[in-house]
Amino acid sequence: MRSHREIEEAAAAWLARRDREEWSSAAEATLRAWLSESVAHRVAFIRLEAAWAESGRLKGLPAAGYGAELCVAAQRANSSATPPAQTSVRSSRVGRLPLIAIAASIIIALIVGALFVTAHPAASYRTAIGSIKEVPMKDGSTITLNTDTDIRVAISVTERRVDLDKGEAFFEVAKDLNRPFVVHIGDERVIAVGTKFSVRREADHVRVVVTEGRVRVERAEAHHAAALVSKGSVALAGAAGVLVQDEALLEVEERLSWRQGFVVFHETRLSDAVAELNRYNRRQIVIDDPAVGSMRVGGRFRSDNAAGFVRLLAEALPIRVVSDESGIVLHHQ
Amino acid sequence: MSMASALDAWFSREILIYEDALERYIARSWPHREDIVDFRQEVYMRVYEAAAQERPRAPKSFLFATARNLMADQIRRSRVVSIEARADLESLNVLVDEMSPEHCASAQEDLRTIAWVFEQLPPRCREVVWLRRVENLSQREVAAQLGICEAGVEKQIAKAMRRFADAFFGERGMQLDNIRTTGRKERKAEFKVVRWR
């Protein structure tokens, strides 16, 4: 059998030919004959035809000038022989603050009401690298596990307890004033009542993103200091304390786009972007040259499509990609 | 609508939209990356042939079940398959639901995808597509305007079709906008610090 590549080439040639004005009934007959020759021909043809029909919607792009703009922008992308200028590092970025760069096990609690009960037998859930899992709880709450995550859940009449042993999870907590929802990170206890938030466990800090309601971040044994984190805020908790930053709700939602299988970057250092993407893929991307690591990228990418990501990079940036079985290496061109 | 075109419409509406998920599904258990596209097409063929007899009631499940069976066949037949692939086969049954966080792209998202694909086209190809699809010029008029031969226009269109299909079905929603140099508006750092003690 001919490879799909050849068939696709033939199908595209047919479609392009039919797109011309002088399409005779004889040509139509030949095309029909080609299509009925093999289902392989037909499915390749349908696929291209459907995508091409979609391209007609380019007309719907806002403003007549958009095309020109796109052309200019894309040309810039294609011809960018130099890495984008180093824009100033945004020191406002929470993650860059030295306060956070403290090793040690992190201690946090999200508290809305306090009720601690001894551990219950727990159910465990885990996700492999690259997968996302939604776990409905019997209390009506839902937990969404991001890539490479381990949690244990125990729900009793007095408490709802989750241990986040590894990774990141998003919690949609059903309101229940009598049963606090407790997320434990490391040895600590974390509690909420009825909100939506995510908790991500990293090497030296914990990141809490709240999209609805309010939670309290607290160090378990130090009830005297706590940070309230409300909707639209991001909290980073390290050994020294908690940093709370307000963000536009849109940005907060973007941080949670992993739930749809995407990662979003804004002028992110390539080294950071690659580290983020590597969380989702067994096949790791390695940066060979610091100059590559400091290039900046933005965009919305499928978290599990590392190959597609580097292909886009190679098209837009002076990067040479070398892939083999063991991984993908990015060199400076 | 003829029988064939009704089936074709069904196929692109119910099956092709899972291309991205299908490829990932195959990639998980099939060690030979270079075969994935051929494999995908083989799955399409089987689904299409079956649907010509009778439309499956649950197209998505049917698609993934077909992929699974085909893969199982291949793995069994293959003499040099890795142990990994065999082990993964066991897990294929449970993967389907996990596979595609259902992609219900809004019209707006689709449009962004299309715009993105368009941006990725090589310059000449992009010009041709713009004139043909947006300005609605005929291939001949496009050729005249760009000063190239008609065969050249046809070739560019064939190329664009393939790119559109890969991007639209395969990598829906991916976009690279590093070309934007201004970035978002810089905001003043507004945050508070709560020290533990």
Side-chain angles (χ1 to χ4, degrees), chain A residues 3-4 8 12-13 15-17 19-21 39-40 43 46-48 50-52 54-61 67 70-71 73-77 84 87 92 94 131-133 219 222 225 227 240-246 260-261 266-267 296-302 304-305 308 312 316, chain B residues 8 11-12 16 20 24 37-38 41 44-45 48-49 98 101 110-111 114-115 118-120 123 126-127 129-130 132-134 138-140 150 154-155 157-162 164-165 168-169 171 173-181 183-184 186-197:
Chain A
S3 77
H4 167 63
E8 191 184 84
L15 276 161
R17 205 180 134 197
D19 188 61
R20 284 173 78 155
E21 281 158 306
V39 181
V43 292
I46 298 170
R47 180 171 172 275
L48 294 180
W52 187 240
E54 290 290 337
S55 78
R57 295 171 52 193
L58 277 171
K59 286 195 198 82
L61 287 178
L70 274 178
C71 286
Q75 270 154 15
R76 241 192 297 145
T87 50
S92 62
V94 178
S131 65
I132 295 163
K133 190 188 278 175
R219 186 172 200 169
V242 192
L243 257 163
V244 183
Q245 186 178 25
D246 295 336
Q260 286 84 43
H266 293 285
E267 288 174 31
R296 283 173 191 274
V297 295
R300 181 176 158 86
F301 306 96
R302 287 223 70 104
D304 58 0
N305 191 343
L312 291 177
Chain B
D8 291 1
F11 190 80
S12 68
L16 290 177
D20 185 27
R24 281 183 286 139
V37 172
D38 284 335
Q41 292 302 115
Y44 282 166
M45 285 164 65
Y48 188 88
E49 278 171 333
E98 218 181 286
D110 275 352
L111 197 56
I114 291 162
F118 177 72
E119 283 176 51
Q120 309 303 313
R126 199 165 48 227
E127 283 169 346
V129 170
W130 186 262
R132 178 76 192 90
R133 297 302 270 163
V134 182
S138 69
Q139 286 197 25
R140 178 170 298 156
E150 280 185 63
E154 195 180 302
K155 219 171 119 192
I157 284 179
K159 188 199 264 182
M161 282 171 176
R162 301 177 67 190
F164 263 101
F168 192 74
F169 295 118
E171 289 161 9
M174 285 248 287
Q175 57 160 335
L176 178 73
D177 59 12
N178 68 314
I179 48 178
R180 189 172 56 186
T181 50
R184 291 178 299 180
E186 292 288 330
R187 280 181 296 110
K188 262 193 188 162
E190 273 187 39
F191 52 84
K192 62 182 182 202
V193 177
V194 178
R195 297 206 176 271
W196 291 129
R197 273 177 291 279

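Worth saying up front: this structure is predicted, and the values here are computed from it rather than measured. Every chain is numbered from 1, with letters handed out A, B, ... down the list of sequences.
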What closest approach, in Å, do A:D19 and B:R132 show between heavy atoms, and which atom pair accounts for it?
OD2-NE, 2.7 Å

Heavy atoms only: give me the nearest B:Q41-A:V43 pair and the separation to one decimal.
NE2-CG2, 3.7 Å

With rounding to the nearest 0.5 Å, note down the distance linking CG in A:L15 to CE in B:M161.
4.5 Å

Below 4.5 Å, heavy atoms only, C-beta onward: do A:I46 and B:Y44 meet side chain to side chain?
no

Please check if the side chain of A:E54 supplies one atom and the backbone of B:F164 the other of a donor-acceptor pair under 3.5 Å.
no

Where is the tightest heavy-atom contact between B:A158 and A:A13, given as atom of each residue plus distance?
CB-N, 4.2 Å

How long is the span from the CZ atom in A:R57 to the CZ atom in B:R133, to the nearest 0.5 Å?
11.5 Å

For the student: nearest non-hydrogen atoms of B:D38 and A:S3, plus distance:
OD1-C, 3.9 Å

Quick one: are B:F11 and A:R47 in side-chain contact, heavy atoms under 4.5 Å?
no

